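Contents: one structure, followed by commentary.
Numbering of ligands and ligand atoms starts at 1, following listing order. Predicted model only: the values in this text are computed from it and were never measured.
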Amino acid sequence: MTSRVRKAVIPAAGLGTRFLPATKAQPKEMLTIVDKPAIQYVVEEAVAAGIDDILIITGTAKKALEDHFDRNFELETLLERKGKTEPLAEVIAIAEMAKFHFTRQGQPLGLGHAVLMAEQHVGDEPFVVLLPDELMVSRGGTVKSMVDAFETYGASNVALREVPMDEVSSYGCAATEDVADGIVKIPHIVEKPAMEDAPSNRVVMGRYLFTPDIFEYLHKTTPGVGNEIQLTDAMAQIANGSGLYGVIDNSGSWDAGQKLDFLRAQVELGLQHPELGADFAELIKQTAANL
Ligand code: G1P
């Protein structure tokens, strides 16, 4: 196994049923936040953490994802002819920021099954998984901390957030033992436990770093919660095998797959936008004053 983490897997095959009607005819990952599709934030996050090879797991009606991360000769020619150099450089840069690969899940059998689709591409390398619904406030910082933890401990790890106990049943939830500042060992992990059965309030955010033996465990994983092959169930096995660590990260994220949090992302990322931020702040003040 090589030790440098250079590959990322982004499972993007879901149908986006939490976001209808917007997702009736377009992938949820392509919904725009300020001026970019949601998935571009996640790809940029991976690139900022040093990843240069990205496999996106897609499904039916997801062709727009492939087009977005490809060159577009017709558009580039038009922009060039019109002398629009800045947008031209921007659209080319999207396709050049990493090496992109796509494969399809075929059947919606769960997140663990989606990650299993990456087995051949990943081969014998450590890799990260980024769930594209979750946009990290820290940008590449979280994944970078996970890569650092992998270099120190040599085992798989996952980003964990501390949430109020009444929210744990929405997430993978970890039993933890403190190892170092912000780093825990995970002896056990369980998908979406009832609050009274939860081992802690430390839950899985959508950022994972796996050693390639995760695929052996995924092959052995039978359907769990929701009758789906759960990634968390394979992680419970890796915790008993080559080991599993947690990187505690309370810096926050936006859930781009959920309508209200999507609006929060528009507002907060709009305010941070280098060109639009100041005018947008003024617009919000005026709107709030009229409420
Ligand atoms: C998935 C995982 C869960 C994790 C969550 C993070 O759940 O199965 O373990 O905590 O993502 O967003 P989902 O949100 O797809 O139900």
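- The protein non-hydrogen atom at the shortest distance from atom 13 (P) of ligand 1 is Lys192 NZ, 3.6 Å.
- Inclusion of Glu191 in the set of residues having an N or O under 3.5 Å from an N or O of ligand 1 is warranted.
- Atom 9 (O) of ligand 1 is approached by the protein to below 4.0 angstrom, counting heavy atoms only.
- Not one N or O of Gly206 is nearer than 3.5 Å to an N or O of ligand 1, by distance alone.
- Counting only distance, with no hydrogens or angles, the side chain of Thr32 and the backbone of Val34 share no donor-acceptor pair below 3.5 Å.
- Where the criterion is an N or O separation shorter than 3.5 Å, residue side chain and backbone included, Tyr208 fails it with respect to ligand 1.
- Using a non-hydrogen distance threshold of 4.0 Å, Leu131 registers as a contact of ligand 1.
- Between the side chains of Gln40 and Glu44, at least one donor N or O lies within less than 3.5 Å of an accepting N or O.
- Glu151 places no side-chain N or O within donor-acceptor distance of the main-chain N or O of Arg4, the cut-off being under 3.5 Å.
- Of the protein's heavy atoms, none falls inside 4.0 Å of atom 15 (O) of ligand 1.
- Ion pair Arg207/Asp249 not flagged as a salt bridge, since none of the NZ, NE, NH1 or NH2 atoms sits closer than 4.0 Å to an Asp/Glu carboxylate oxygen.
- Taking the six-membered ring for Trp and thresholds of 30 and 60 degrees, His101 and His121 have ring planes inclined between 30 and 60 degrees apart.
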